[in-house]
Amino acid sequence: MSRSRAIQYYILARLLLAPLMLWTIVTLVFLLLRATPGDPVDAVLGGRAPDSVKEEYRQRLGLADPLWLQYLRYLGSLLNFDLGTSLTSQGQKVWEVIQQHFPATLELASFSMAIALIVGIGIGALSASKPNSSFDVGGRLFGIVTYAIPMYWFGMILQLIFSVQLGWFPIGTRFPISQPAPPTFTGLYTIDSLLNGNLIQFFTTLYYLALPSLTLGILISGIFERIVRVNLKQTLQADYVEAARARGIPERRILFAHALKNALIPVITILGLTFASMLGGAVLTEVTFSWPGLGNRLYQAISERDYPTVQGIMVFFAAIVVTASIAIDIINAYIDPRIRY
């Protein structure tokens, strides 16, 4: 079988497995929510509401039905692309909740990823190009420390130093409350302010993004630093690199024009998955900085036992992760000829 035909079969298999992966995640989220202590009716009506009122509300929401019936009803709604209605947002559709909060999460994740790539690839390349030097030791230490530090602890420390003590950066919002936010085209304030031609709003948005995106970006950069360092060190010992040195090509050109390009292939593999997981994993950063994104809304929905909102947001994040995983597999299949199927 030719490689092209093998790749096509591989892509088809991955596409057919996607619904199975989504169904597994949806089922786990549904069961785990029901197994979690707490009653959504109590969370909505309060503990002092009469039992008759609670029972009537429970019947109206379908929570008094058997679990299997609730599950089948939920799967039926998903097949009709209906994520349900929030229990705590005055009848707001869950899809509207996602549309309202996702742009803030996407903007935070995008800038955090840019910081992670710049810092991680830069330190990894410097560390690999100077093995066993102080730069190499510092790079390895950076990778270990950023991997070990808890996200919420690092975020709180940065807040304490740069916001509370020094007063350099604001926290708690995406834009000054006293000023009008950029007109909404995409929901991404940086893009919207540029589309509106307002550079003051653009730099103000960057100013408010700085601290949370630095927190997330620096911690994620450790992943890229370790991958780039290991792969670049192996690449710099390859035969074609030795041949390039023998021809008198400068070391800097070998590093950037030959070795680094090949060493970045594994980075592409994890880039999509890291970005997708960052969208879902930004919960701690958003909660720590009171960032009005989807992760913060998910945390609020879990606290309020808002089943439809939690399930809807988790399904949305799962769909992003599965889509990114398939896209990365397809890209890898075409750009890396060493992979066989």
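Everything quoted here is computed from the prediction, not taken from an experiment.
For the pair Thr146 (side chain) and Phe142 (backbone), a donor-acceptor distance under 3.5 Å is present. Judged by distance alone, the side chain of Asn198 and the main-chain N or O of Ser193 form no donor-acceptor pair under 3.5 Å. A donor-acceptor pair is defined here as one N or O able to donate and one able to accept, closer than 3.5 Å; no such pair exists between the side chain of Gln59 and the backbone of Ala64. With hydrogens and angles ignored, the 3.5 Å screen pairs no side-chain donor or acceptor of Gln311 with any backbone N or O of Val29. Side-chain N or O atoms of Ser221 include one that pairs as donor or acceptor with a backbone N or O of Ile218 at under 3.5 Å. A donor-acceptor pair under 3.5 Å is absent between the side-chain atoms of Asp192 and the main chain of Thr184, judged by distance alone. Side-chain atoms of Ser77 never come within 3.5 Å of backbone atoms of Leu83 as a donor-acceptor pair (strictly under, hydrogens ignored). A donor-acceptor pair under 3.5 Å links the side-chain atoms of Ser110 to the main chain of Leu106, judged by distance alone.
A ring-centre distance under 6.0 Å is found for Phe316 and Phe102.
The OG1 atom of Thr235 lies 12.0 Å from the NZ atom of Lys233; values are rounded to the nearest 0.5 Å. Rounding to the nearest 0.5 Å gives a distance of 7.5 Å between OG of Ser86 and CD of Glu304. With values rounded to the nearest 0.5 angstrom, Thr285 atom OG1 is found 11.5 Å from Leu214 atom CG. Rounded to the nearest 0.5 Å, atoms OG1 (Thr204) and CZ (Arg174) are 13.5 Å apart.
With 3.5 Å as the limit, one finds no donor-acceptor pair spanning the side chains of Gln159 and Thr288. No side-chain N or O of Gln100 forms a donor-acceptor pair with one of Glu96 less than 3.5 Å apart.
Tested against Leu209 for a side chain to side chain contact (heavy atoms under 4.5 Å, CB included), the candidates Phe175, Trp291, Phe169 yield a single pass: Trp291.
Residue-environment remark: OH (Tyr152) stays at or below the threshold of 12 foreign heavy atoms within 6.0 Å. Enclosure of atom CD1 in Ile177 is not indicated, since only 12 or fewer non-hydrogen atoms of other residues, nucleotides or ligands lie within 6.0 angstrom.
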